[in-house]
Amino acid sequence: MSWQDIQQKTFTRWCNVSLQSRGRAIEDLFKDLKDGLTLIALVEVLSKKSVPRHNKHPRIPMQKIENLSIVIKWLQDEEGIKFVNVGAEDIFSNNARIILGLIWTLILHYQIGEDRDNDASTTPKQELLEWVRSKIPEYDIKNFKKDWNDGRALNALCDALGPGLAPGHKSLNPADGAKNNQAGIDLAAATWGVPAVIDGSDMAHPRVDEQSVMTYISYFRDIDPSKRVAGADAARCHAYGPGLIEAVQNQEAPFVVQTPAGTPDKLAIEVKGPDGAVLPSSGVGITAGDDGKFDVVYTPPAPGVYKISVTLGGQHIPGSVFTVEAREEESIGGEGLVLVFYSTTSGTNKGRSDNFNLKRLLEAKGVHKREDFVPWIPVDIMEKEDRDAPAADCLRRRRLCRRLRHAAAARGGGPSRRAAQREKVKEQGGDVFAISC
């Protein structure tokens with residue numbers, strides 16, 4: 001494992017600590033920032049401010065790059081953060097060096113702190129190092145690399161902040177660096193809830209990444225040693241997924257809860273609707289997976305704001321209670337949002353004619369004047385996962401029509417396929433207009 005692998009792992013975990021309150025999680029640091037939404041969520045949590053208006057459902061590269069440009073410019077103008085050679089296109093194209101540099105800049109600004117003692121002659125690294133030296137002077141720490149390899153310094157730091165927690169730190173075997181460091185990491189997490197953004201084996205690595213160690217050790221400077229955490233396993237949980245970000249009425253909203261493997265504590269999910277009533281257990285599904293992972297799904301019966309409590313052993317996990325807004329189910333008739341996907345490379349007369357006629361039809365209906373109007377989306381320049389998204393929506397609607405036809409057949413003929421669709425639209429309060437499946 002190289003220093004870059006260690007840094008990528010540490011920075012990913014650092015981001016996820018902040019994203020817990022938004023129900024998001026990064027799996028691949030170099031790919032998951034490209035639409036701008038996760039980066040915007042991260043920055044809003046760190047700054048406790050809101051980033052200006054942006055595209056919340058970007059489909060094409062231009063929209064994603066625009067989101068990235070908005071957040072980078074906002075960080076520069078509003079937060080006074082200086083970036084060196086960091087551009088939206090670099091993040092969109094998964095440039096590892098640029099993305100790691102971006103996250104390190106955020107760590108320096110929001111966690112390690114720039115010039116905490118107002119001394120222009122010292123750097124954040126020097127200030128953090130002096131703090132460490134003041135706590136464990138007997139180890140004469142001079143860097144954030146090899147001086148942490150054997151694990152004794154980390155355990156000594158835990159003992160300095162919580163006397164009696166690791167009294168035998170001096171007698172630890174230096175040859176067991178990975179084991180010693182992991183013991184210190186587990187001790188800090190259980191005692192104060194210090195996030196385990198780095199592994200013991202990484203700290204013991206001969207080429208340990210300096211920035212990763214600085215990121216982890218900086219957590220110790222900000223804790224209150226007198227405040228011990230209750231429900232240590234709950235503090236180490238993480239919930240994330242689309243169901244904690246947004247939902248749609250009468251549609252399944254899934255998310256994942258990752259708990260410490262082997263924890264004896266019981267996971268509990270409570271979903272309160274807009275009226276304050278708790279959804280019945282039949283409306284919330286929990287499926288246990290491997291290594292403490294649980295798949296959760298709920299179905300909001302009405303539009304509005306939902307409060308989702310996630311507890312382990314009776315203790316709220318980080319981010320809980322989550323607030324999720326469920327949008328009203330879109331009608332399959334004329335009241336629904338109109339999205340048009342087209343090809344920019346159509347070379348046939350029929351293709352050009354179809355585009356022209358459709359545009360004229362929608363303009364006649366005044367679609368372009370609606371508040372929810374979305375410009376036509378060129379499907380041939382979309383990425384595969386974004387092209388598949390509208391296809392999945394179409395498939396869902398086709399399945400709905402199929403169920404309606406089957407229900408009509410079961411009633412002994414019943415209304416025609418199109419009449420059944422009209423009835424379904426009327427039930428949803430929609431306007432019957434150009435229905436097709």
Side-chain angles (χ1 to χ4, degrees), residues 6-7 9-21 25 42 45-46 103 106-108 110-113 116 124-125 127-129 131-136 139 141 144 147-167 169 172 177-204 208-239 258-261 263 265 292 312-313 315-320:
I6 296 174
Q7 188 173 103
K9 183 198 303 184
T10 302
F11 286 8
T12 299
R13 292 180 180 179
W14 179 83
C15 291
N16 285 338
V17 169
S18 295
L19 289 171
Q20 287 175 339
S21 62
L42 174 64
V45 172
L46 293 172
I103 301 302
L106 296 180
I107 293 173
L108 274 178
Y110 290 109
Q111 179 161 323
I112 295 178
R116 285 196 174 199
K125 175 183 173 181
E127 292 175 12
L128 182 60
L129 188 60
W131 177 85
V132 170
R133 290 172 61 86
S134 71
K135 298 299 179 183
I136 49 173
Y139 281 90
I141 301 297
F144 289 101
D147 284 359
W148 300 86
N149 282 163
D150 63 20
R152 293 186 299 173
L154 178 58
N155 281 274
L157 185 59
C158 290
D159 193 66
L161 295 175
L165 286 177
H169 57 84
L172 293 174
K179 178 182 177 181
N180 297 339
N181 272 311
Q182 192 59 53
I185 291 170
D186 293 341
L187 179 61
T191 306
W192 302 294
V194 176
V197 297
I198 195 169
D199 292 330
S201 58
D202 296 335
M203 290 191 72
V208 62
D209 175 55
E210 178 182 64
Q211 294 176 359
S212 296
V213 176
M214 286 179 63
T215 300
Y216 177 63
I217 296 301
S218 66
Y219 279 111
F220 288 82
R221 184 177 56 178
D222 295 331
I223 64 174
D224 182 347
S226 65
K227 295 182 179 179
R228 306 291 178 92
V229 298
D233 280 351
R236 295 166 60 195
C237 292
H238 186 188
Q258 182 66 59
T259 67
T263 179
D265 295 331
L312 187 72
Q315 299 289 331
H316 283 278
I317 74 168
S320 180

Could you pull out the closest heavy-atom pair between [X] and [Y], with the gap in Å?
X	Y	answer
Pro225	Ile223	CD-O, 3.3 Å
Gln111	Ser218	NE2-OG, 2.7 Å
Ile6	Ser212	O-OG, 3.7 Å
Gln20	Pro318	OE1-CB, 2.8 Å
Ala166	Leu187	CB-CD2, 4.2 Å
Pro167	Asp159	N-OD1, 3.5 Å

Find out whether [X] and [Y] are in side-chain contact, i.e. whether some heavy atom of one side chain is under 4.5 Å from a heavy atom of the other.
X	Y	value
Val208	Asn149	yes
Ile217	Leu154	yes
Ile141	Leu129	yes
Leu108	Gln211	no

At what distance, to the nearest 0.5 angstrom, does [atom1] of [X] lie from [atom2] of [Y]?
X	Y	atom1	atom2	answer
Asn16	Leu42	CG	CG	9.0 Å
Gln182	Asp202	CD	CG	9.0 Å
Thr259	Arg236	OG1	CZ	9.5 Å
Gln315	Asp265	CD	CG	9.0 Å
Arg152	Asp147	CZ	CG	10.5 Å
Asp222	Ile112	CG	CD1	10.0 Å

Given the rule in the side chain to side chain contact (heavy atoms under 4.5 Å, CB included) test, do Cys15 and Ile103 qualify, once you have shown the distances and angles that lead to the verdict?
-> CA-CA 8 Å; Cys15 291; Ile103 301 302; 3.9 Å; yes
Give the intermediate values and the outcome of side chain to side chain contact (heavy atoms under 4.5 Å, CB included) for residues Tyr216 and Val194.
-> CA-CA 9 Å; Tyr216 177 63; Val194 176; 3.7 Å; yes
When you look at Val132 and Tyr139, which way does the side chain to side chain contact (heavy atoms under 4.5 Å, CB included) test go after all the steps?
-> CA-CA 10 Å; Val132 170; Tyr139 281 90; over 6 Å; no
Please work out whether the ring planes of Trp192 and Phe220 are parallel, tilted or perpendicular, with thresholds of 30° and 60°.
-> perpendicular
By side-chain contact (heavy atoms from CB on, under 4.5 Å), which residues pair with Ser21, not counting sequence neighbours?
-> Val45
Ignoring hydrogens and geometry, is there a side-chain-to-backbone donor-acceptor pair from Asp233 to Pro260 under 3.5 Å?
->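 No; zero donor-acceptor contacts below 3.5 Å.
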Identify, with sequence neighbours excluded, every residue that meets side chain to side chain donor-acceptor pair (under 3.5 Å) alongside Ser201.
->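 Ser201: no side chain to side chain donor-acceptor pair (under 3.5 Å) contacts found.
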Dump the intermediate steps for side chain to side chain contact (heavy atoms under 4.5 Å, CB included) on Thr10 and Asp209, then the final yes or no.
-> CA-CA 9 Å; Thr10 302; Asp209 175 55; 5.9 Å; no
Residue pairs passing the salt bridge (Lys or Arg N to Asp or Glu O under 4.0 Å) test with at least one member in residues 182-199, sequence neighbours excluded, are Lys9-Asp199, Arg13-Asp199
